[in-house]
2 protein chains.
Amino acid sequence: MPESLQSEPTAEAVDPRILRSRRMLMEALGSLLNRKEFEDISVQEIVDEATLNRATFYLHYPDKNALLQAMTAARFRDLIARRGLSFTDCDGALRAIALGVCDYLAETTGCPSQLAKMPLEGSIIPVVEVVFQEGAAHHPAPPDVDQALLGTTAAWAIFGAARRWLQTPGRVSAEEMAAKIEEMVKPIFLSASH
Amino acid sequence: MPESLQSEPTAEAVDPRILRSRRMLMEALGSLLNRKEFEDISVQEIVDEATLNRATFYLHYPDKNALLQAMTAARFRDLIARRGLSFTDCDGALRAIALGVCDYLAETTGCPSQLAKMPLEGSIIPVVEVVFQEGAAHHPAPPDVDQALLGTTAAWAIFGAARRWLQTPGRVSAEEMAAKIEEMVKPIFLSASH
DNA sequence: ATGCTTAATCGACACTTGTCGATTTATTTT
DNA sequence: AAAATAAATCGACAAGTGTCGATTAAGCAT
(Lines give C-alpha, C1' and ligand atoms only; values in the text may rest on other atoms or scores of the structure.)
Protein backbone atom coordinates (compact mmCIF):
# COMPACT_ATOMS: atom_id res chain seq x y z
CA MET A 1 0.00 0.00 0.00
CA PRO A 2 1.73 3.14 -1.27
CA GLU A 3 1.32 5.95 1.17
CA SER A 4 2.25 9.15 -0.58
CA LEU A 5 2.42 10.59 -4.00
CA GLN A 6 5.25 12.44 -5.68
CA SER A 7 8.08 10.38 -4.38
CA GLU A 8 10.00 7.68 -6.20
CA PRO A 9 10.43 9.32 -9.61
CA THR A 10 11.14 6.13 -11.52
CA ALA A 11 9.05 3.73 -9.46
CA GLU A 12 6.59 1.32 -10.98
CA ALA A 13 3.67 2.98 -12.70
CA VAL A 14 0.77 3.90 -10.48
CA ASP A 15 -2.80 4.00 -11.68
CA PRO A 16 -3.44 7.64 -12.62
CA ARG A 17 -6.84 7.46 -10.97
CA ILE A 18 -5.12 6.98 -7.62
CA LEU A 19 -2.92 10.01 -8.10
CA ARG A 20 -5.87 12.05 -9.24
CA SER A 21 -8.05 11.10 -6.29
CA ARG A 22 -5.34 11.80 -3.74
CA ARG A 23 -4.40 15.05 -5.35
CA MET A 24 -7.98 16.21 -5.39
CA LEU A 25 -8.50 15.23 -1.77
CA MET A 26 -5.42 17.16 -0.71
CA GLU A 27 -6.44 20.18 -2.73
CA ALA A 28 -9.94 20.03 -1.32
CA LEU A 29 -8.67 19.89 2.25
CA GLY A 30 -6.20 22.67 1.57
CA SER A 31 -8.96 24.81 0.18
CA LEU A 32 -11.31 24.13 3.08
CA LEU A 33 -8.60 24.95 5.60
CA ASN A 34 -8.62 28.52 4.31
CA ARG A 35 -12.20 28.82 5.43
CA LYS A 36 -12.57 26.79 8.62
CA GLU A 37 -10.83 24.85 11.34
CA PHE A 38 -9.65 21.32 10.69
CA GLU A 39 -11.77 19.97 13.51
CA ASP A 40 -14.88 21.46 11.96
CA ILE A 41 -14.34 19.82 8.59
CA SER A 42 -16.09 16.53 7.93
CA VAL A 43 -15.06 13.87 5.47
CA GLN A 44 -18.27 14.56 3.60
CA GLU A 45 -17.28 18.19 3.10
CA ILE A 46 -13.87 17.17 1.82
CA VAL A 47 -15.22 14.78 -0.78
CA ASP A 48 -17.88 17.27 -1.82
CA GLU A 49 -15.16 19.86 -2.44
CA ALA A 50 -13.14 17.23 -4.29
CA THR A 51 -16.16 15.99 -6.25
CA LEU A 52 -15.52 12.45 -5.12
CA ASN A 53 -17.52 9.85 -3.31
CA ARG A 54 -17.08 9.41 0.40
CA ALA A 55 -16.20 5.75 0.00
CA THR A 56 -13.34 6.80 -2.26
CA PHE A 57 -11.87 8.75 0.61
CA TYR A 58 -11.67 5.69 2.81
CA LEU A 59 -10.13 3.81 -0.08
CA HIS A 60 -7.07 6.03 0.34
CA TYR A 61 -6.93 7.24 3.93
CA PRO A 62 -8.14 5.68 7.18
CA ASP A 63 -9.38 9.03 8.45
CA LYS A 64 -9.06 12.75 7.90
CA ASN A 65 -6.01 13.00 10.12
CA ALA A 66 -4.15 10.73 7.75
CA LEU A 67 -5.08 13.00 4.86
CA LEU A 68 -3.88 16.06 6.74
CA GLN A 69 -0.65 14.29 7.50
CA ALA A 70 -0.14 13.22 3.91
CA MET A 71 -0.94 16.70 2.66
CA THR A 72 1.45 18.31 5.11
CA ALA A 73 4.23 15.91 4.21
CA ALA A 74 3.68 16.54 0.50
CA ARG A 75 3.66 20.31 0.89
CA PHE A 76 6.71 20.36 3.10
CA ARG A 77 8.56 17.99 0.77
CA ASP A 78 7.66 20.37 -2.00
CA LEU A 79 9.05 23.36 -0.15
CA ILE A 80 12.27 21.51 0.57
CA ALA A 81 12.56 20.44 -3.06
CA ARG A 82 11.86 23.95 -4.37
CA ARG A 83 14.69 25.32 -2.27
CA GLY A 84 16.96 22.52 -3.46
CA LEU A 85 17.75 21.48 0.05
CA SER A 86 19.78 18.36 -0.02
CA PHE A 87 22.41 17.94 2.61
CA THR A 88 25.04 17.34 -0.02
CA ASP A 89 26.20 20.94 0.00
CA CYS A 90 26.82 20.34 3.59
CA ASP A 91 27.48 23.62 5.29
CA GLY A 92 24.70 26.03 5.91
CA ALA A 93 22.33 23.21 5.09
CA LEU A 94 21.36 22.78 8.71
CA ARG A 95 20.32 26.39 8.95
CA ALA A 96 18.47 26.09 5.67
CA ILE A 97 16.52 23.11 6.97
CA ALA A 98 15.63 24.96 10.15
CA LEU A 99 14.55 27.95 8.12
CA GLY A 100 12.41 25.69 5.95
CA VAL A 101 10.61 24.28 8.96
CA CYS A 102 10.04 27.74 10.46
CA ASP A 103 8.81 29.13 7.17
CA TYR A 104 6.51 26.24 6.55
CA LEU A 105 4.97 26.40 9.98
CA ALA A 106 4.55 30.16 9.80
CA GLU A 107 3.06 29.91 6.35
CA THR A 108 0.50 27.21 6.97
CA THR A 109 -0.53 28.60 10.32
CA GLY A 110 -0.87 32.11 9.05
CA CYS A 111 -4.19 30.80 7.82
CA PRO A 112 -7.23 31.04 10.04
CA SER A 113 -6.30 27.76 11.60
CA GLN A 114 -3.68 27.34 14.27
CA LEU A 115 -2.23 24.19 12.83
CA ALA A 116 0.54 23.94 15.40
CA LYS A 117 -1.15 20.85 16.66
CA MET A 118 -0.15 17.26 16.77
CA PRO A 119 -0.71 15.76 13.36
CA LEU A 120 2.11 17.83 11.99
CA GLU A 121 4.87 16.14 13.92
CA GLY A 122 4.06 12.95 12.14
CA SER A 123 4.54 14.53 8.75
CA ILE A 124 7.25 17.16 8.96
CA ILE A 125 9.75 15.35 11.14
CA PRO A 126 10.03 12.29 8.87
CA VAL A 127 10.75 14.53 5.91
CA VAL A 128 13.54 16.26 7.80
CA GLU A 129 14.89 12.87 8.78
CA VAL A 130 15.05 11.78 5.17
CA VAL A 131 17.06 14.87 4.27
CA PHE A 132 19.53 14.06 7.02
CA GLN A 133 19.62 10.47 5.83
CA GLU A 134 20.56 11.54 2.34
CA GLY A 135 23.14 13.90 3.75
CA ALA A 136 24.70 11.16 5.82
CA ALA A 137 25.13 9.03 2.70
CA HIS A 138 27.17 11.79 1.06
CA HIS A 139 29.25 12.25 4.17
CA PRO A 140 32.81 11.03 4.78
CA ALA A 141 32.27 7.87 6.73
CA PRO A 142 30.35 6.86 9.81
CA PRO A 143 32.83 5.09 12.06
CA ASP A 144 30.54 3.48 14.57
CA VAL A 145 28.04 6.21 15.32
CA ASP A 146 24.38 5.73 14.54
CA GLN A 147 23.79 8.35 11.86
CA ALA A 148 20.08 7.61 11.78
CA LEU A 149 19.76 8.25 15.49
CA LEU A 150 21.54 11.57 15.16
CA GLY A 151 19.22 12.52 12.32
CA THR A 152 16.10 11.62 14.25
CA THR A 153 17.24 13.46 17.35
CA ALA A 154 18.16 16.55 15.36
CA ALA A 155 14.88 16.46 13.45
CA TRP A 156 12.85 16.40 16.66
CA ALA A 157 14.97 19.13 18.20
CA ILE A 158 14.50 21.34 15.16
CA PHE A 159 10.79 20.79 15.02
CA GLY A 160 10.33 21.33 18.73
CA ALA A 161 12.27 24.58 18.63
CA ALA A 162 10.46 25.84 15.53
CA ARG A 163 7.12 24.94 17.04
CA ARG A 164 7.91 26.86 20.20
CA TRP A 165 9.05 29.83 18.15
CA LEU A 166 5.82 29.78 16.19
CA GLN A 167 3.61 30.07 19.23
CA THR A 168 5.72 32.78 20.82
CA PRO A 169 3.85 36.09 20.84
CA GLY A 170 6.59 38.57 19.95
CA ARG A 171 8.69 36.23 17.92
CA VAL A 172 11.87 37.14 16.11
CA SER A 173 12.27 36.66 12.37
CA ALA A 174 12.42 33.18 10.90
CA GLU A 175 15.99 33.78 9.76
CA GLU A 176 17.07 34.77 13.23
CA MET A 177 15.37 31.73 14.70
CA ALA A 178 16.95 29.44 12.14
CA ALA A 179 20.36 30.71 13.21
CA LYS A 180 19.54 29.97 16.84
CA ILE A 181 18.34 26.51 15.98
CA GLU A 182 21.48 25.83 14.01
CA GLU A 183 23.58 26.79 16.98
CA MET A 184 21.67 24.48 19.28
CA VAL A 185 21.39 21.51 16.97
CA LYS A 186 24.77 21.50 15.27
CA PRO A 187 26.59 20.09 18.32
CA ILE A 188 24.32 17.06 18.22
CA PHE A 189 26.15 15.87 15.13
CA LEU A 190 29.50 16.68 16.64
CA SER A 191 28.68 14.81 19.83
CA ALA A 192 29.50 11.57 18.05
CA SER A 193 33.17 12.46 17.68
CA HIS A 194 33.56 13.25 21.37
CA MET B 1 -10.63 24.83 33.77
CA PRO B 2 -8.04 22.80 35.71
CA GLU B 3 -6.47 20.25 33.49
CA SER B 4 -4.71 17.73 35.66
CA LEU B 5 -4.84 16.25 39.08
CA GLN B 6 -2.05 15.73 41.55
CA SER B 7 -0.22 18.95 41.02
CA GLU B 8 -0.26 22.05 43.15
CA PRO B 9 -0.12 20.54 46.63
CA THR B 10 -1.44 23.56 48.48
CA ALA B 11 -3.70 24.98 45.79
CA GLU B 12 -7.28 25.94 46.42
CA ALA B 13 -9.49 23.03 47.37
CA VAL B 14 -10.97 21.09 44.50
CA ASP B 15 -14.29 19.33 44.69
CA PRO B 16 -13.47 15.70 45.58
CA ARG B 17 -16.02 14.51 43.04
CA ILE B 18 -13.90 15.98 40.28
CA LEU B 19 -10.79 14.19 41.45
CA ARG B 20 -12.72 10.97 41.83
CA SER B 21 -14.24 11.12 38.36
CA ARG B 22 -10.94 11.90 36.67
CA ARG B 23 -9.12 9.24 38.61
CA MET B 24 -11.70 6.64 37.73
CA LEU B 25 -11.63 7.61 34.07
CA MET B 26 -7.86 7.30 33.94
CA GLU B 27 -7.92 3.97 35.74
CA ALA B 28 -10.62 2.71 33.42
CA LEU B 29 -8.67 3.69 30.34
CA GLY B 30 -5.50 2.22 31.77
CA SER B 31 -7.28 -1.02 32.43
CA LEU B 32 -8.86 -1.19 28.98
CA LEU B 33 -5.50 -0.52 27.33
CA ASN B 34 -4.28 -3.83 28.70
CA ARG B 35 -6.93 -5.57 26.66
CA LYS B 36 -7.32 -3.64 23.42
CA GLU B 37 -5.96 -0.90 21.20
CA PHE B 38 -6.69 2.72 22.01
CA GLU B 39 -8.37 3.25 18.66
CA ASP B 40 -10.79 0.41 19.37
CA ILE B 41 -11.93 1.83 22.70
CA SER B 42 -15.04 3.99 22.71
CA VAL B 43 -15.99 6.60 25.26
CA GLN B 44 -18.91 4.40 26.20
CA GLU B 45 -16.61 1.54 27.11
CA ILE B 46 -14.46 3.84 29.23
CA VAL B 47 -17.35 5.16 31.27
CA ASP B 48 -18.80 1.68 31.64
CA GLU B 49 -15.49 0.49 33.08
CA ALA B 50 -15.40 3.57 35.30
CA THR B 51 -19.06 3.19 36.32
CA LEU B 52 -19.75 6.74 35.28
CA ASN B 53 -22.16 8.36 32.91
CA ARG B 54 -21.00 9.26 29.44
CA ALA B 55 -21.99 12.89 29.93
CA THR B 56 -19.64 13.01 32.90
CA PHE B 57 -16.78 12.14 30.62
CA TYR B 58 -17.41 15.16 28.43
CA LEU B 59 -17.65 17.27 31.55
CA HIS B 60 -13.93 16.64 32.06
CA TYR B 61 -12.35 15.93 28.69
CA PRO B 62 -13.24 17.08 25.17
CA ASP B 63 -12.48 13.63 23.75
CA LYS B 64 -10.71 10.40 24.51
CA ASN B 65 -7.40 11.70 23.21
CA ALA B 66 -7.43 14.35 25.91
CA LEU B 67 -7.96 11.67 28.52
CA LEU B 68 -5.09 9.61 27.16
CA GLN B 69 -2.89 12.66 27.22
CA ALA B 70 -3.86 13.55 30.77
CA MET B 71 -3.33 9.97 31.90
CA THR B 72 0.06 9.76 30.26
CA ALA B 73 1.17 13.06 31.75
CA ALA B 74 0.01 11.99 35.21
CA ARG B 75 1.76 8.63 34.99
CA PHE B 76 4.97 10.09 33.67
CA ARG B 77 4.93 12.87 36.27
CA ASP B 78 4.50 10.17 38.84
CA LEU B 79 7.48 8.22 37.58
CA ILE B 80 9.61 11.35 37.62
CA ALA B 81 8.45 12.20 41.12
CA ARG B 82 9.08 8.66 42.42
CA ARG B 83 12.64 8.85 41.21
CA GLY B 84 13.04 12.27 42.77
CA LEU B 85 14.16 13.80 39.53
CA SER B 86 14.48 17.50 39.91
CA PHE B 87 17.22 19.23 38.03
CA THR B 88 18.50 20.78 41.22
CA ASP B 89 21.12 18.10 41.73
CA CYS B 90 22.31 19.10 38.37
CA ASP B 91 24.78 16.58 37.09
CA GLY B 92 23.64 13.22 35.94
CA ALA B 93 20.14 14.61 35.95
CA LEU B 94 20.04 14.79 32.17
CA ARG B 95 20.82 11.10 31.87
CA ALA B 96 18.25 10.35 34.56
CA ILE B 97 15.59 12.22 32.62
CA ALA B 98 16.46 10.38 29.45
CA LEU B 99 16.33 7.10 31.29
CA GLY B 100 12.96 8.03 32.71
CA VAL B 101 11.54 8.68 29.26
CA CYS B 102 12.98 5.44 27.87
CA ASP B 103 11.69 3.42 30.79
CA TYR B 104 8.28 4.95 30.64
CA LEU B 105 7.90 4.36 26.93
CA ALA B 106 9.15 0.79 27.19
CA GLU B 107 6.87 0.14 30.12
CA THR B 108 3.64 1.47 28.70
CA THR B 109 4.22 0.00 25.27
CA GLY B 110 5.11 -3.39 26.58
CA CYS B 111 1.36 -3.74 26.74
CA PRO B 112 -0.52 -5.12 23.77
CA SER B 113 -0.77 -1.63 22.38
CA GLN B 114 2.02 0.10 20.55
CA LEU B 115 1.48 3.44 22.19
CA ALA B 116 4.44 5.05 20.48
CA LYS B 117 1.96 7.16 18.61
CA MET B 118 1.32 10.83 18.54
CA PRO B 119 -0.79 11.69 21.53
CA LEU B 120 2.15 10.95 23.75
CA GLU B 121 4.29 13.77 22.54
CA GLY B 122 1.72 16.16 23.86
CA SER B 123 1.97 14.72 27.35
CA ILE B 124 5.52 13.57 27.97
CA ILE B 125 7.41 16.44 26.39
CA PRO B 126 5.72 19.15 28.48
CA VAL B 127 6.57 17.28 31.65
CA VAL B 128 10.21 17.09 30.65
CA GLU B 129 10.12 20.78 29.85
CA VAL B 130 8.85 21.60 33.31
CA VAL B 131 11.71 19.68 34.88
CA PHE B 132 14.18 21.67 32.80
CA GLN B 133 12.35 24.84 33.76
CA GLU B 134 12.76 24.10 37.45
CA GLY B 135 16.38 23.21 36.88
CA ALA B 136 17.03 26.49 35.12
CA ALA B 137 15.65 28.39 38.11
CA HIS B 138 18.20 26.77 40.41
CA HIS B 139 20.98 27.48 37.98
CA PRO B 140 23.64 30.21 38.22
CA ALA B 141 22.22 32.92 36.02
CA PRO B 142 20.86 33.17 32.51
CA PRO B 143 22.90 35.89 30.82
CA ASP B 144 20.88 36.49 27.70
CA VAL B 145 20.11 32.97 26.49
CA ASP B 146 16.56 31.72 26.28
CA GLN B 147 16.52 28.96 28.88
CA ALA B 148 12.98 27.96 27.96
CA LEU B 149 13.94 27.48 24.33
CA LEU B 150 16.86 25.28 25.30
CA GLY B 151 14.57 23.23 27.51
CA THR B 152 11.99 22.78 24.81
CA THR B 153 14.58 21.82 22.21
CA ALA B 154 16.23 19.34 24.55
CA ALA B 155 12.89 17.84 25.55
CA TRP B 156 11.94 17.21 21.93
CA ALA B 157 15.36 15.80 21.16
CA ILE B 158 15.16 13.42 24.10
CA PHE B 159 11.69 12.25 23.25
CA GLY B 160 12.49 11.79 19.58
CA ALA B 161 15.58 9.74 20.37
CA ALA B 162 13.79 7.62 22.98
CA ARG B 163 10.92 7.03 20.60
CA ARG B 164 13.23 5.87 17.87
CA TRP B 165 15.02 3.59 20.32
CA LEU B 166 11.73 2.09 21.37
CA GLN B 167 10.73 1.04 17.89
CA THR B 168 14.15 -0.34 17.05
CA PRO B 169 14.00 -4.14 16.76
CA GLY B 170 17.23 -5.20 18.47
CA ARG B 171 17.48 -2.30 20.83
CA VAL B 172 20.15 -1.81 23.44
CA SER B 173 19.33 -1.45 27.13
CA ALA B 174 17.53 1.64 28.37
CA GLU B 175 20.57 2.63 30.42
CA GLU B 176 22.83 2.44 27.41
CA MET B 177 20.40 4.49 25.38
CA ALA B 178 20.07 7.08 28.12
CA ALA B 179 23.85 7.52 28.05
CA LYS B 180 23.76 8.05 24.30
CA ILE B 181 20.97 10.56 24.61
CA GLU B 182 22.85 12.44 27.29
CA GLU B 183 25.83 12.70 25.02
CA MET B 184 23.77 14.05 22.16
CA VAL B 185 21.61 16.45 24.14
CA LYS B 186 24.07 17.85 26.65
CA PRO B 187 25.79 20.11 24.10
CA ILE B 188 22.48 21.80 23.41
CA PHE B 189 22.72 23.49 26.77
CA LEU B 190 26.34 24.36 26.25
CA SER B 191 25.63 25.86 22.85
CA ALA B 192 24.45 29.02 24.56
CA SER B 193 27.91 29.84 25.90
CA HIS B 194 29.45 29.64 22.43
C1' DA C 1 -10.58 -3.91 -30.16
C1' DT C 2 -11.42 -7.29 -26.34
C1' DG C 3 -11.12 -8.82 -22.06
C1' DC C 4 -8.84 -8.50 -17.44
C1' DT C 5 -7.97 -5.88 -13.53
C1' DT C 6 -8.85 -2.53 -10.34
C1' DA C 7 -10.49 2.11 -9.00
C1' DA C 8 -14.68 4.87 -8.21
C1' DT C 9 -19.54 5.11 -7.11
C1' DC C 10 -23.80 4.30 -4.71
C1' DG C 11 -26.96 3.22 -0.97
C1' DA C 12 -27.29 1.41 3.28
C1' DC C 13 -25.89 -0.19 7.74
C1' DA C 14 -24.71 -0.16 12.88
C1' DC C 15 -22.22 2.50 15.68
C1' DT C 16 -19.88 6.52 17.90
C1' DT C 17 -19.64 11.35 18.84
C1' DG C 18 -20.53 15.57 21.06
C1' DT C 19 -24.25 18.32 22.93
C1' DC C 20 -28.57 19.56 25.32
C1' DG C 21 -32.10 20.46 28.98
C1' DA C 22 -33.94 18.66 32.98
C1' DT C 23 -33.30 16.21 37.16
C1' DT C 24 -30.93 14.13 41.11
C1' DT C 25 -27.23 13.86 44.27
C1' DA C 26 -23.08 15.28 46.65
C1' DT C 27 -20.28 19.08 48.70
C1' DT C 28 -19.55 23.51 50.66
C1' DT C 29 -21.38 27.88 52.93
C1' DT C 30 -23.94 30.42 55.98
C1' DA D 1 -29.31 22.07 59.91
C1' DA D 2 -30.81 24.49 55.89
C1' DA D 3 -29.80 26.85 51.80
C1' DA D 4 -26.80 27.57 47.96
C1' DT D 5 -23.65 25.81 44.75
C1' DA D 6 -21.95 22.70 41.53
C1' DA D 7 -21.10 17.93 39.94
C1' DA D 8 -23.23 13.60 38.23
C1' DT D 9 -26.99 11.33 35.88
C1' DC D 10 -30.40 10.40 32.43
C1' DG D 11 -32.63 10.29 27.94
C1' DA D 12 -32.59 11.94 23.61
C1' DC D 13 -30.88 14.23 19.56
C1' DA D 14 -28.61 15.33 14.97
C1' DA D 15 -24.49 14.53 12.93
C1' DG D 16 -20.50 12.09 11.62
C1' DT D 17 -17.78 7.64 11.19
C1' DG D 18 -16.12 3.59 9.16
C1' DT D 19 -17.53 -0.49 6.61
C1' DC D 20 -20.02 -3.42 3.21
C1' DG D 21 -21.73 -5.64 -1.04
C1' DA D 22 -23.04 -4.66 -5.48
C1' DT D 23 -22.51 -1.93 -9.53
C1' DT D 24 -20.32 1.14 -12.99
C1' DA D 25 -16.43 2.83 -15.31
C1' DA D 26 -11.62 3.72 -16.26
C1' DG D 27 -6.93 1.98 -17.29
C1' DC D 28 -3.95 -1.78 -18.85
C1' DA D 29 -2.54 -5.99 -21.26
C1' DT D 30 -2.63 -9.08 -25.07
Side-chain angles (χ1 to χ4, degrees), chain A residues 1-6 8 10-29 32-33 35-71 113 117-119, chain B residues 1-6 8 10-29 32-33 35-71 113 117-119:
Chain A
M1 47 176 84
E3 63 176 3
S4 69
L5 52 147
Q6 90 192 67
E8 311 184 277
T10 56
E12 80 283 4
V14 184
D15 195 315
R17 289 172 292 181
I18 293 179
L19 281 327
R20 178 180 180 273
S21 292
R22 294 185 184 174
R23 180 173 41 80
M24 295 189 76
L25 286 172
M26 289 185 191
E27 284 170 3
L29 177 57
L32 287 171
L33 280 174
R35 283 171 252 156
K36 52 200 300 192
E37 292 294 327
F38 178 70
E39 291 300 327
D40 299 332
I41 298 173
S42 71
V43 174
Q44 185 62 60
E45 286 180 279
I46 297 173
V47 297
D48 283 350
E49 181 80 19
T51 59
L52 292 175
N53 191 273
R54 197 165 66 92
T56 306
F57 178 96
Y58 290 104
L59 229 47
H60 294 282
Y61 304 102
D63 51 45
K64 66 174 183 171
N65 278 299
L67 172 60
L68 175 62
Q69 205 160 307
M71 189 193 75
S113 55
K117 302 178 68 175
M118 341 151 318
Chain B
M1 45 176 84
E3 63 175 5
S4 68
L5 52 147
Q6 92 194 66
E8 311 184 275
T10 55
E12 80 283 5
V14 185
D15 195 314
R17 290 172 293 182
I18 293 179
L19 281 327
R20 177 179 180 273
S21 293
R22 293 184 184 173
R23 180 172 42 78
M24 295 190 78
L25 286 172
M26 289 185 190
E27 284 170 3
L29 177 57
L32 286 172
L33 280 175
R35 282 170 252 157
K36 53 199 299 192
E37 293 293 330
F38 178 70
E39 290 300 326
D40 298 332
I41 298 173
S42 70
V43 174
Q44 186 62 61
E45 287 181 277
I46 297 173
V47 297
D48 283 350
E49 180 79 19
T51 59
L52 292 175
N53 191 273
R54 197 165 66 91
T56 306
F57 177 96
Y58 290 106
L59 229 46
H60 294 281
Y61 304 102
D63 52 45
K64 65 176 183 169
N65 279 299
L67 172 59
L68 174 62
Q69 205 161 306
M71 188 194 75
S113 55
K117 303 177 68 175
M118 337 153 319

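Remember, it's a predicted structure, so these values are computed and weren't measured experimentally. In what follows, chains are A, B, ... by sequence order, proteins preceding strands, each numbered from 1.
- For the side-chain contact (heavy atoms from CB on, under 4.5 Å) test, residues two or more places apart in sequence or in another chain that qualify with B:Ala66 are B:Tyr61, B:Pro62, B:Asp63.
- B:Arg22 has its CZ atom 14 Å from the C1' atom of D:dA8, to the nearest Å.
- Look at CD on A:Glu39: it is 10 Å from P on D:dT17, rounded to the nearest Å.
- The heavy-atom pair separating B:Met71 from B:Met26 by the smallest distance is SD-O, 3.5 Å.
- A heavy-atom distance below 4.0 Å to DNA chain D is reached by these residues of residues 41-50 of chain A, ordered by number: A:Ser42, A:Val43.
- Applying the salt bridge (Lys or Arg N to Asp or Glu O under 4.0 Å) criterion to A:Arg20, with sequence neighbours excluded, gives no partner residue.
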* To do: Begin from the C-alpha positions of B:Leu68 and B:Leu33 and carry the test side chain to side chain contact (heavy atoms under 4.5 Å, CB included) through to its verdict.
  => CA-CA 10 Å; B:Leu68 174 62; B:Leu33 280 175; 4.2 Å; yes

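- Residue A:Ile18 contributes atom CD1, which lies 13 Å from atom P of C:dT9 at whole-angstrom precision.
- Residue A:Tyr58 places no side-chain N or O under 4.0 Å from the OP1 or OP2 atom of D:dT19.
- For B:Asp48, the side-chain contact (heavy atoms from CB on, under 4.5 Å) partners are B:Gln44, not counting sequence neighbours.
- For B:Met24 and D:dA7, the CE to C1' distance is 15 Å, given to the nearest whole Å.
- Two residues, A:Phe57 and B:Thr51, neighbour DNA chain D, and the one matched to the more 5' nucleotide by heavy-atom proximity is B:Thr51.
- Within the structure, every pair that satisfies the salt bridge (charged side-chain N to carboxylate O under 4.0 Å, His left out) test and touches residues 49-61 of chain A, not counting sequence neighbours, is listed here: A:Arg35-A:Glu49.
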* **Where protein sits on nucleotides 25-30 of chain D, one letter per nucleotide: B base, S sugar-phosphate only, - none, heavy atoms under 4.0 Å** => -BSS--

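- Checking the phosphate oxygens (OP1, OP2) of C:dA8, a side-chain nitrogen or oxygen of A:His60 falls inside 4.0 Å.
- In this structure, A:Leu67 atom CG and D:dG18 atom P are separated by 12 Å, rounded to whole Å.
- Residues forming a side-chain contact (heavy atoms from CB on, under 4.5 Å) with A:Glu27 (at least two apart in sequence, or on another chain): A:Arg23.
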* To do: Could you give me the CA-CA distance, side-chain angles and deciding distance for B:Ile46 and B:Leu67, then say whether side chain to side chain contact (heavy atoms under 4.5 Å, CB included) is met?
  => CA-CA 10 Å; B:Ile46 297 173; B:Leu67 172 59; 4.0 Å; yes

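- Dashed line: the shortest gap from a side-chain N or O of A:Asn53 to OP1 or OP2 of C:dC10 is under 4.0 Å.
- As a whole-Å value, the separation of B:Leu52 CG from D:dC10 C1' is 14 Å.
- Note: NZ (B:Lys64) to C1' (C:dC15) measures 13 Å, nearest angstrom.
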* To do: Could you check B:Leu29 against B:Ile41 for side chain to side chain contact (heavy atoms under 4.5 Å, CB included), going step by step and ending with a plain yes or no?
  => CA-CA 9 Å; B:Leu29 177 57; B:Ile41 298 173; 4.3 Å; yes

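- B:Leu59 places its CG atom 7 Å from the C1' atom of D:dA7, with the value rounded to the nearest Å.
- Of the candidate nucleotides D:dG18, C:dT19, D:dA7, C:dT19 has the atom nearest to the side chain of B:Arg54.
- For B:Ala50, the side-chain contact (heavy atoms from CB on, under 4.5 Å) test picks out B:Met24, B:Leu25, B:Ala28, B:Leu52, with sequence neighbours left out.
- With the end axes of the helix from C:dT5-D:dA26 to C:dT30-D:dA1 each set by five pairs, the angle from one to the other reads 40° at 10° resolution.
- A search for salt bridge (Lys or Arg N to Asp or Glu O under 4.0 Å) contacts involving B:Asp15 returns B:Arg17, not counting sequence neighbours.
- Put simply, the side chain of B:Lys64 gets close to the backbone of B:Phe38: a donor and an acceptor are under 3.5 Å apart.
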